[in-house]
Amino acid sequence: MPELPEVEVVRAGLERLTLGATVTEITTFHPRAVRRSEGGPEGLTAFSGRSIDSVARRGKFLWFDMDGMALNVHLGMSGQLLVSRPGVPAPDHPHLRARIDFADGTVIRFLDQRTFGYLQRSSLTEVPDDFPAGQGTTSRLIPVPVAHIARDLLDPGCDLVALSKRTRTKRTEIKRAMLDQTLVSGLGNIYCDEALYRARINPRRKTNGLSYAQLDELWHQSREVLREALLAGGTSFDSLYVNVNGSSGYFSRSLNAYGQGGKPCGRCGAIMRKIQFMNRSSTYCPICQPFASRT
DNA sequence: TATAACTCCTGAAGGC
DNA sequence: TGCCTTCAGGAGTTAT
């Protein structure tokens, strides 16, 4: 599933291959691919003739800035952006949802098996540079639909001390908080399980029952997991996540928690437990990650 | 206002 | 072989 490292790999590939390119046409093949876009499929004609000034990302959201107008992309669960260079065929595919053609012959194909992803036209708005604290004296431009998304853990401006304080004000379970993109962005089910495992915290522990030391450890481990996954090119279990060239990442070989239910814990040998949580699976070690606090 | 539950969707996998 | 059920989960919407 595309989480922050996978989206960053895609963003970097798009930046390398499409920066400065001029859009000639955006064609959509499935209504859900543009369900959140201003003006629907017809609204995308506004990008014709515009050039890509930058390819930016916050958490799992990425966007092309084209002369002050944003083309946002969310990959959902199974979205892929495949770039074909000029002269290289860009064949149709059963899951082809949209296609972006450029003046130099480059083509971006948006494939999405489960249709949770989308393309979206939007305007940009100013957001305080230290959002979500909101005390900043400077600001930056963010697409309006992304403005409520918090900084991600690889953002140089992400303050882990402030993040721990905000986390402590919540009254919910820690994994639910980690998945809350308005608290911190970029984490999905896979990296949440990995970070909680490394920090030895049970996913159902209450946020306000964790010490600042535990939260500090958790956020540092979360950041480290994301960095390692990014270096490995992301996590791929199947063909649902690939980079802009169609290649897979290798971090799935380094997973210690996600998908390990029923297998022995790499630390203590106890059988890893898999539970249903928030309509998704959650895997943890019942010994290393006890529900009851030991402090 | 904060939190929790529901919903969207497709295809692989397993059971019968 | 074919049908049915279950599972996977990001994020917006709705309910509490």
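Letters A, B, ... mirror the listed sequences (proteins, then strands); counts begin at 1.
Counting any heavy atom pair closer than 4.0 Å across all strands shown, Phe277(A) reaches no nucleic acid atom. Arg36(A) comes within 4.0 angstrom of sugar-phosphate atoms only, judged by non-hydrogen atoms across all strands, and of no base.
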> If the sugar-phosphate is the primed atoms plus P, OP1 and OP2 and the base is the rest, what is the B/S/- string for nucleotides 1-8 of chain B, using protein heavy atoms under 4.0 Å?
Replying inline: --SSSBBB
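Of the N and O atoms on the side chains of Ser282(A) and Lys175(A), at least one donor lies less than 3.5 Å from an acceptor on the other residue. Checking Ser164(A) against Asp216(A) by side-chain atom types alone, no donor-acceptor pair falls below 3.5 Å.
Residues Tyr212(A) and Arg168(A) come closest through the heavy atom pair CE2-CG, 3.5 Å.
Atom pair Leu179(A):CG and dA11(C):C1' shows a separation of 11 Å (rounding to whole Å applied). Summarising the geometry, the separation between CG on Leu4(A) and C1' on dG10(C) is reported as 14 Å, rounded to the nearest angstrom. The separation between Met278(A) atom CE and dA11(C) atom P is 11 Å, rounded to whole Å.
The side chain of Gln276(A) approaches dA8(C) more closely than any other nucleotide in the set dA8(C), dG12(C), dA11(C).
Looking at residues two or more places apart in sequence or on another chain, you find no side chain to side chain donor-acceptor pair (under 3.5 Å) involving Arg97(A).
The phosphate of dA11(C) has neither OP1 nor OP2 within less than 4.0 Å of any side-chain N or O from His148(A). Contact annotation: His74(A) does not reach the phosphate of dG12(C) (side-chain N/O to OP1 or OP2, under 4.0 Å). Taking side-chain N and O atoms only, Lys274(A) has a distance below 4.0 Å to OP1 or OP2 of dA8(C).
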List, one per line, each side-chain donor-acceptor pair under 3.5 Å for residues 20-30 of chain A, sequence neighbours excluded.
| from | atom 1 | to | atom 2 | distance (Å) |
| --- | --- | --- | --- | --- |
| Thr22(A) | OG1 | Ser51(A) | OG | 2.8 |
| Thr24(A) | OG1 | Asp101(A) | O | 3.0 |
| His30(A) | ND1 | Arg32(A) | N | 3.1 |

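Relative to the six-membered ring of Phe61(A), Arg11(A) misses at least one condition, a distance below 6.0 Å or an angle of at most 45° to the axis.
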